[in-house]
Amino acid sequence: MKARMFNWMLIGMFVLSGMGHFLEWSMVLNFFLSAAAIVFLAAFLGKATENVAFYAGERVGGFLNATFGNATELIIAIFLVKANMFDMVKASLTGSIIGNLLFVLGLSLLLGGFKFKEQSFNLTLANMDGSLMVLAVIALFVPAVFFNTHAISDEATKTLSLIVAGLLITAYILWLIFSMVTHKELLAEEAKEVSGEAEQPDWSKRTSILMLVIATVMVAFASEWLVDTLDTFSTQFGWSELFIGAFVIAIVGNAAEHAAAVILAMKNKVGASIEIAIGSSLQIALFVAPMLVFVSAAFGNTMDFVFSVLEIVAIGVAVFIAKSISQDGRSNWYKGLMLLIVYLILGASFYLVP
């Protein structure tokens with residue numbers, strides 16, 4: 001009954017969003033309709049991904065979870081790149097990274113900690129993830145320093161951006177080989193006892209793949225409709241592109257991951273929650289952001305890899321606190337609370353930017 005109601009609400013919101021776009025309703029109304037449709041579609045995409053992951057196996061399934069969990073964010077970003085809205089692209093990427101590291105992980109540890117006094121996870125994997133996030137911060141920091149000190153020209157900055165983007169994508173691909181092939185036993189999670197019967201997929205293998213494709217196509221349409229409303233929405237409410245990109249778009253685009261990570265933590269699978277949060281941030285920083293540099297080049301106007309000081313500070317702070325609370329391989333509700341407090345501090349700071 002719940003599934004049927006969700007399906008009808010999903011179809012209804014998607015149709016209303018499409019009608020608002022093609023019939024040229026109020027841009028503000030279209031923004032909320034498109035955002036609501038994307039939230040429902042993100043949940044649908046998450047369910048399809050989870051079903052495909054059941055058949056693909058744990059390691060491949062985890063990769064699919066991260067990839068299609070970020071599909072909404074990537075599709076929105078591509079349309080923003082096409083519209084040359086580079087500042088909002090960088091803000092949305094920043095928001096996705098800090099949202100996963102602080103909001104998603106924080107909420108997961110908080111609610112999981114309320115149910116279980118202490119939870120454990122693979123310390124080796126957490127340390128590797130933390131080191132990779134530090135690499136991402138370095139990759140953001142270096143081009144910004146060289147550009148802002150006028151050590152290199154604008155054209156050279158674009159060349160440096162393409163080089164850094166290529167190196168980060170290479171690092172991410174090699175990380176997949178390291179974690180899924182050569183060292184997969186070292187990074188595997190220990191099995192935990194979980195109450196209840198083993199979960200079964202809702203769909204067959206063929207249906208799961210079909211639903212995944214359908215969900216991705218629907219997200220592409222809704223994302224384009226959302227992007228068309230952003231200029232009017234930001235002007236009418238007086239919100240900066242930085243705040244809209246870093247918090248509004250990031251929260252909407254990652255809705256499925258938020259729910260999945262929290263549910264897993266409350267099932268005493270906090271290691272999986274951490275992988276969703278940190279693994280997703282890694283994919284954004286090491287693959288999605290660099291890939292958008294090449295996508296923009298293909299559109300004829302290369303987006304540089306120079307993030308603002310505020311964005312670099314926000315990502316650096318998020319990486320620092322997330323890495324520090326994962327040093328002992330154990331989590332509790334107070335660690336989650338600390339992450340959420342940092343997220344609220346950054347959110348208030350970005351909101352007050354004119």
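Since the model is a prediction, treat every value here as computed from it, not as a measurement.
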Phe243: which residues meet the side-chain contact (heavy atoms from CB on, under 4.5 Å) condition with it, sequence neighbours left out? Trp239, Ser240, Phe247, Val248, Phe350, Tyr351
Cut-off 3.5 Å, no hydrogens considered: what does the side-chain donor-acceptor table look like for residues 123-137, sequence neighbours left out?
from	atom 1	to	atom 2	distance (Å)
Asn127	ND2	Leu123	O	3.3
Ser131	OG	Asn127	O	3.1

Using the ring-ring contact (aromatic ring centres under 6.0 Å, His included) rule, collect all pairs that involve residues 264-302, keeping only residues at least two apart or in two chains. Tyr172-Phe287
Residue pairs, two or more places apart or on separate chains, that pass side-chain hydrogen bond (donor to acceptor under 3.5 Å, both in side chains) and touch residues 9-20: Ser17-Ser34
Does any part of the side chain of Phe14, heavy atoms only, come nearer than 4.5 Å to the side chain of Trp225, both counted from C-beta? yes
Considering only residues two or more places apart or on different chains, which pairs with a residue in residues 207-216 satisfy salt bridge (charged side-chain N to carboxylate O under 4.0 Å, His left out)? none
Asp87: partners by side chain to side chain donor-acceptor pair (under 3.5 Å), with sequence neighbours left out: none
Salt bridge (charged side-chain N to carboxylate O under 4.0 Å, His left out): pairs with one or both residues in residues 293-307, sequence neighbours excluded: Lys90-Asp304
Can you tell me which residue pairs pass the ring-ring contact (aromatic ring centres under 6.0 Å, His included) test with a partner in residues 305-329, sequence neighbours excluded? Phe305-Phe307
Which pairs, with at least one residue in residues 153-163 and sequence neighbours excluded, count as a salt bridge (charged side-chain N to carboxylate O under 4.0 Å, His left out)? none
With sequence neighbours left out, which residue pairs that include part of residues 316-340 fulfil the salt bridge (charged side-chain N to carboxylate O under 4.0 Å, His left out) condition? Glu118-Arg330, Asp328-Lys335
List in chain and number order the residues that pass side-chain contact (heavy atoms from CB on, under 4.5 Å) with Leu344, two or more places apart in sequence or in another chain; answer none if no residue qualifies. none
Among residues two or more places apart or on two chains, list those pairs meeting ring-ring contact (aromatic ring centres under 6.0 Å, His included) that have a residue in residues 144-168. none
